[in-house]
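Notes for the one structure printed next.
Note that the structure is predicted; figures quoted are calculated from it, not measured. All values below were derived from every heavy atom in this structure, side-chain atoms included, with hydrogens, water molecules and symmetry-related copies excluded.
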Amino acid sequence: MSLRSALGSAAGAALLLLAAAPVATAAPYETVTVDPTGSIAPDGTVTLSGTYRCLGNSGAAFVSSSVSQGDPSVRHGIGGTRAVCDGMEHPWQNSGKPSSDPATPGAAWVEATVMELSSGGGLPLPRFHAVRQQEITLTES
């Protein structure tokens, strides 16, 4: 077996393990909110914000966000913020430029997720603390 096919087999096995891994669901006291208004800077940078609360992270935790306008199947990642999962409510704010199709003022669909990369067996696996999807209004800043 060549090195390339061995690496390909290992990568395939890792993806299979990831797909088969149980995904923990968020506890009711773990939350993420999205502010009803986001902003678009003159250079096209979108800023989204809200709050989050999570408990007991043993790995790196983050608040990620995405925005969609028009076609709901096209979402643009808007930054990521390191999260502290200590049971307290914390603010989050993410900024980023959509990679294509610049954002425009008006209605937008946002998804915010608090996720931890837990390394319980060597391979980091995602643990979702909270997810929220919500319509907001983007305004020019």
Side-chain angles (χ1 to χ4, degrees), residues 2-141:
S2 73
L3 179 59
R4 175 175 277 165
S5 59
L7 288 174
S9 296
L15 287 174
L16 242 166
L17 284 173
L18 184 58
V23 176
T25 57
Y29 48 82
E30 295 189 302
T31 61
V32 62
T33 68
V34 177
D35 291 338
T37 304
S39 65
I40 307 169
D43 70 353
T45 299
V46 173
T47 300
L48 305 171
S49 58
T51 63
Y52 72 91
R53 178 191 322 259
C54 55
L55 283 177
N57 64 317
S58 59
F62 302 91
V63 179
S64 64
S65 57
S66 64
V67 67
S68 176
Q69 285 185 306
D71 183 352
S73 67
V74 177
R75 295 190 310 186
H76 301 281
I78 304 296
T81 302
R82 183 82 188 241
V84 177
C85 292
D86 60 3
M88 303 296 292
E89 186 173 87
H90 298 278
W92 65 268
Q93 181 175 316
N94 293 340
S95 296
K97 267 187 179 180
S99 55
S100 62
D101 301 327
T104 57
W109 190 252
V110 170
E111 179 174 287
T113 304
V114 180
M115 191 263 311
E116 172 185 354
L117 291 175
S118 178
S119 56
L123 180 65
L125 297 173
R127 175 174 176 242
F128 295 93
H129 290 272
V131 177
R132 175 150 184 107
Q133 297 176 340
Q134 164 180 332
E135 187 172 349
I136 69 161
T137 302
L138 292 176
T139 60
E140 293 178 332
S141 58

May I ask you to check whether Thr37 and Asp35 show a side-chain donor-acceptor distance below 3.5 Å?
no
Does the side chain of Gln134 reach to within under 4.5 Å of the side chain of Val110, using non-hydrogen atoms?
no
For Ser95 against Thr45, the heavy-atom pair lying closest together:
CB-CG2, 3.9 Å
Does any non-hydrogen side-chain atom of His90 lie less than 4.5 Å from one of Val63?
no
Drop me the distance from His129's NE2 to Tyr29's OH, to the nearest 0.5 angstrom.
9.5 Å
Could you report the tightest heavy-atom contact between Thr33 and Arg132, atom names first, then the distance?
CA-CD, 4.1 Å
Is the side chain of Gln133 donor-acceptor paired with the backbone N or O of Trp109 at a distance under 3.5 Å, no angle test?
no
So do Thr81 and Gln93 actually touch side chain to side chain, heavy atoms under 4.5 Å?
no
Quick one: salt bridge (charged side-chain N to carboxylate O under 4.0 Å, His left out) partners of Glu140, sequence neighbours excluded?
none
Those residues at least two apart in sequence (or on a different chain) that pass salt bridge (charged side-chain N to carboxylate O under 4.0 Å, His left out) with Arg75 are Glu111
Note: His76 and Val74 closest approach over all heavy atoms is NE2-CG1, 3.8 Å
Give me the atom names and distance for the closest heavy-atom approach of Gln69 to Ala107.
NE2-O, 3.1 Å
Are the side chain of Ser64 and the backbone of Gly80 linked by a donor-acceptor contact shorter than 3.5 Å?
no
What distance separates Leu55 CG from Asp86 CG, expressed to the nearest 0.5 Å?
8.0 Å
Check Met115 against Pro126 and note the closest heavy-atom contact, atom names and distance.
SD-CB, 3.8 Å
Minimum-distance pair of heavy atoms, taken over all atoms of Pro124 and Leu117
CB-CB, 4.4 Å
Among Val114, Thr51, Val131, Thr113, whose side chain to side chain contact (heavy atoms under 4.5 Å, CB included) with Val32 holds?
Val114
Is the side chain of Thr137 donor-acceptor paired with the backbone N or O of Gly106 at a distance under 3.5 Å, no angle test?
no
Exactly one candidate in Arg127, Glu116, Glu30 meets side chain to side chain contact (heavy atoms under 4.5 Å, CB included) with Cys54; the answer is Glu30
Would you list the atom pairs, donor with acceptor, under 3.5 Å between side chains in residues 98-105 and any protein atom, with sequence neighbours excluded?
none

In sequence, state the C-alpha distance, the side-chain angles, and the governing distance for Glu89 and Tyr52, and then conclude on side chain to side chain contact (heavy atoms under 4.5 Å, CB included).
CA-CA 6 Å; Glu89 186 173 87; Tyr52 72 91; over 6 Å; no
